[in-house]
Each structure stands twice: as C-alpha cells, then as structure tokens.
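Please read these numbers as outputs of a predicted model, since none were measured by experiment. We count ligands from 1, going down the list as the structure has it; atoms in each ligand are counted the same way.
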Amino acid sequence: MKSYLWTLVGLVGVALLMFDDGSLAAREWSTVSAPTRGAPRVIGEVAGGCLAGGVRLPWDGAGYAVVRVSRNRYYGHPSLIRYIQALGSSAKLNGLGNLYIGDLSQPRGGPMAFGHSSHQNGIDVDIWFNLRQAPLLFTRTDPARELIQTPSMLNFARTGLNYSLWSPRHARLLEQAARLPAVDRIFVNPHIKRELCRTVKYDRSWLRKIRPWHWHDDHFHVRLVCPEDSIDCVQQASIPAGDGCDQSLSWWLKLRIPALRPRPSAPPPVRLPERCDAVLYAE
Ligand SMILES: [Zn+2]
C-alpha cells in the first residue's frame with residue numbers, strides 16, 4: 001500500500017513538473033516581441049516547433065484585416081503571408097466579403113501561453129467565418145480590432161448549422177481557401193464538413209482537404225505544407241484519400257455534442273527541436 005502511494009505521489013510530481021515546464025516555456029516564447037533576423041525557416045512540427053525570420057502580416061490588406069493584434073500572433077513564414085493576402089484578394093474580388101484574420105504564430109513561433117497547441121511554426125492561421133460585406137476600416141489602434149466577435153455557425157443545440165448565419169458564401173470561401181496552392185489541410189467543425197459533403201456538386205476534389213475537428217465552428221484553421229526552403233520543418237502525415245464524406249465523418253458526428261466544443265485547456269508540454277533554442281535566444 002505504502003509503495004503504491006509513493007508511486008502515486010511520484011507520478012503526480014512528474015506530471016506537475018512536466019506541466020510547469022510546458023507553461024514556463026510558453027511564457028518565454030510569448031514574451032518575445034520580435035522575430036529573428038535572417039532567412040525565414042519553419043522548424044519542427046506545428047505543435048512542437050518554432051519560426052526563424054518570421055514575417056509580419058500587415059494588419060490591413062485587400063479583403064482582410066487582422067484582429068486581436070494585442071496577442072502579437074500575426075507572424076508567419078512568407079508562404080503563409082502570401083496565402084492570406086491571396087485569399088483576401090480573391091474573397092474580395094468574388095464578392096464573398098472581407099476576412100477577419102485571427103492567430104498566426106508568435107514572432108518566433110513556439111508554444112503559446114493560451115489558446116492553441118499548434119500554430120507554433122508559422123504555417124497555421126485562423127480565419128473567422130464572420131464575413132463582412134463592407135470594407136474593413138480600422139484605424140491602427142481601433143479598439144474594435146480587439147473587441148469584435150465571431151459567432152458560431154452552429155445552431156443553439158449544436159446539432160447542425162445555424163442557417164441564419166451560414167451561407168453559400170462560406171462554402172465558396174472554403175473552396176477558394178482549399179484550392180490555393182500550398183494548402184495542406186483546413187480544419188472545420190464536423191457539422192460544417194457535413195454541410196459541404198451534402199451540398200457541393202460537380203468537382204468535389206477539394207473536399208479532401210477540409211478536415212473535421214473539434215471546435216472550429218466560428219473560424220476555420222488553414223495549415224500549409226512545409227515550405228521548400230525549410231528542411232527542418234516536419235511535415236504532418238498526409239490526409240487519407242477520398243473526399244472524407246465517409247465513416248470518418250460519421251465518427252465525429254456521433255461524438256457527444258459537448259465533445260465538439262471542449263473547453264480550451266493548457267497546451268501540453270512540448271519538446272522543441274534543439275534548433276529552437278537558438279531562435280528563442282537570438283538577438
Ligand atoms: Zn487554429
């Protein structure tokens with residue numbers, strides 16, 4: 001009995017230590033205010049990596065505006081910056097609305113003190129489903145950038161979409177987002193994936209890149225492939241063949257409804273590639 005208790009105490013201790021390690025690391029990374037100089041490089045994995053030579057996404061561009069800028073998470077590899085600018089322009093040209101851009105990565109990537117376990121190496125971005133028809137006119141320090149909200153696209157019971165908010169414009173935006181080059185995958189709520197599976201006709205090839213995932217009912221999450229210049233970028237396992245409108249989606253839809261919207265939890269401790277130390281501590 002005694003040894004069992006000591007084992008338990010030991011395990012709890014190790015768990016606490018690991019947790020503390022993780023949050024300490026996240027605090028360090030989140031207080032770095034500027035990217036490193038030099039060539040942009042994506043290092044490690046999306047949920048255990050960092051970003052050298054990060055590029056800042058301008059706060060305002062054709063068809064998009066960055067929101068919640070106080071979080072200082074508007075840095076990415078140039079491929080991600082180009083991607084967002086291209087999607088903004090295309091959404092604007094096609095009359096889909098103006099995009100609110102949420103988190104990319106911190107100036108040097110790395111774990112975040114709150115909000116995500118991925119977004120660590122400059123190839124992830126959150127784009128809100130809140131599409132605005134009028135151009136986005138924020139002043140640089142407009143409080144609206146911080147306060148603006150994005151509603152859930154799900155109904156109140158969270159059993160399907162809220163059709164007073166969801167529109168074919170959203171589906172077209174996801175199609176354009178999935179068709180741009182360099183996209184690896186896009187995460188949306190399972191109910192949104194189901195809607196696309198039901199409604200997209202003719203060319204459904206792009207549906208493969210749209211992946212069901214927890215949450216993601218008020219924004220979609222775009223992940224790019226590892227850029228060619230970044231040999232230390234670890235590419236995620238490739239997505240299965242097919243349009244994904246199959247048992248894998250039914251599995252998600254069978255989950256208890258609250259499971260589709262878990263409470264955000266502290267990021268798990270991550271082991272970063274050694275190269276990230278140099279990124280964190282560079283002048
Ligand atoms: Zn995200």
Side-chain angles (χ1 to χ4, degrees), residues 22 26 29-30 42 44-51 54-57 64-77 79-81 83-85 87-88 91 99-131 145-146 148-154 170 173-174 176-178 180 182-193 196 209-227 233-237 239 244 252 259-268 270:
W29 284 94
S30 61
V42 173
E45 303 172 34
V46 287
C50 61
L51 172 68
V55 175
R56 179 183 177 278
L57 174 67
Y64 81 88
V66 184
V67 288
R68 307 275 160 82
V69 289
S70 63
R71 292 152 73 109
N72 204 26
R73 294 174 175 175
Y74 42 85
Y75 294 85
H77 184 272
S79 60
L80 185 65
I81 306 303
Y83 174 87
I84 297 166
Q85 290 170 330
L87 187 61
L99 311 178
Y100 292 115
I101 306 298
D103 288 352
L104 286 69
S105 291
Q106 298 170 147
R108 299 183 188 188
M112 296 181 176
F114 61 94
H116 310 275
S117 52
S118 61
H119 287 253
Q120 291 194 22
N121 60 359
I123 52 176
D124 284 318
V125 59
D126 286 339
I127 301 174
W128 290 9
F129 282 126
N130 185 355
L131 297 175
R145 271 192 210 272
E146 297 298 321
I148 194 156
Q149 300 288 320
T150 177
S152 169
M153 293 290 126
L154 298 190
H170 293 100
L173 175 65
L174 284 172
Q176 290 179 9
L180 281 174
V183 178
D184 181 46
R185 64 198 72 194
I186 295 176
F187 298 107
V188 299
N189 185 275
H191 290 294
I192 294 175
K193 171 78 185 189
L196 299 176
K209 294 201 172 175
I210 308 282
R211 312 305 299 176
W213 201 251
H214 297 287
W215 204 284
H216 296 92
D217 51 310
D218 55 11
H219 74 277
F220 59 102
H221 175 148
V222 179
R223 176 165 299 154
L224 301 189
V225 293
C226 279
C233 175
V234 178
Q235 180 65 49
Q236 199 177 350
I239 49 181
W252 279 98
L260 299 183
R261 197 174 178 110
R263 285 152 56 92
S265 52
V270 283

Whether His170 and Phe129 hold their rings parallel, tilted or perpendicular, with breakpoints at 30° and 60° =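 Perpendicular.
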
Atom pair NE2/SG of His77 and Cys226 - distance to nearest 0.5 Å |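 Nearest 0.5 Å value for the NE2-SG distance: 9.5 Å.
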
Could you pull out the atom name of the N/O/S atom in His221 that is nearest the Zn ion (ligand 1)?
->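 This turns out to be ND1.
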
Can you name the N, O or S atom of Asp126 that is closest to the Zn ion (ligand 1)?
->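 The Zn ion (ligand 1) is closest to the Asp126 atom OD1, counting only N, O or S.
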
Backbone or side-chain N/O/S of His119 under 2.8 Å of the Zn ion (ligand 1) |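 A backbone or side-chain N, O or S atom of His119 is under 2.8 Å from the Zn ion (ligand 1).
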
Results of salt bridge (Lys or Arg N to Asp or Glu O under 4.0 Å) for Arg145 - residues two or more places apart only =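 By the salt bridge (Lys or Arg N to Asp or Glu O under 4.0 Å) rule, Arg145 matches Asp60.
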
Tell me the salt bridge (charged side-chain N to carboxylate O under 4.0 Å, His left out) pairs involving residues 99-110, sequence neighbours left out?
->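 Of all non-adjacent pairs touching residues 99-110, those that pass salt bridge (charged side-chain N to carboxylate O under 4.0 Å, His left out) are Arg71-Asp103, Arg73-Asp103.
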
